[in-house]
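Down below is the structure, laid out as structure tokens.
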Amino acid sequence: GGDEDSGLLAELIDLFLQDAPSHVRAMTHALETDDLSVLERAAHTLKSSSANLGARGLSALCLEIEHKARKRDASG
């Protein structure tokens, strides 16, 4: 946000911290119920939002989960 909106990053982090747990819960539930379509969507969303904040490790992990879910592979 630069000098004009110095609170933008803090706001983005707050939104991420509010939303991320629900995506993780959705992923967990999707694995428990073998709903790989929901798993793929939740992983994709968390991948994108974590990448936007520079959380590269989390984003890479979510990408791997997303790809496995797309291939209908629930292993790992």
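Starting from 1, each residue takes its place in the sequence as its number. The figures here come from the full heavy-atom set of this structure, side chains too, leaving out hydrogens, waters and symmetry mates.
One hydrophobic cluster, built from ILVMFWY side chains closer than 4.5 Å, holds both L9 and L58. Transitive grouping of hydrophobic side chains (ILVMFWY, heavy atoms separated by less than 4.5 Å) brings L31 and V24 into a common cluster. L53 and L46 fall within a single hydrophobic cluster, where Ile, Leu, Val, Met, Phe, Trp and Tyr side chains are chained together by heavy-atom contacts under 4.5 Å. When the side chains of ILVMFWY residues are joined at heavy-atom separations under 4.5 Å, either directly or via intervening members, F16 and I65 end up in a single hydrophobic cluster.
Note that the CD atom of E32 and the CZ atom of R25 stand 12.5 Å from one another [nearest 0.5 Å]. Between the CG atom of L39 and the OG1 atom of T28 there is a distance of 9.0 Å, given to the nearest 0.5 Å.
Taking the side-chain hydrogen bond (donor to acceptor under 3.5 Å, both in side chains) definition, one finds that S22 meets it with nothing, sequence neighbours left out.
At a threshold of 4.5 Å between non-hydrogen side-chain atoms, the residues E40 and M27 do not count as touching. No side-chain heavy atom of H23 sits under 4.5 Å from any side-chain heavy atom of S50.
When all heavy atoms are compared, the tightest approach of L36 to A69 is O-CB, 3.6 Å.
Annotation for H29: atom NE2 does not count as buried by contact number, only 12 or fewer foreign heavy atoms lying within 6.0 Å.
Identified under the salt bridge (charged side-chain N to carboxylate O under 4.0 Å, His left out) test for residues 54-69, with sequence neighbours left out: K47-E66, E66-R70, K68-D73.
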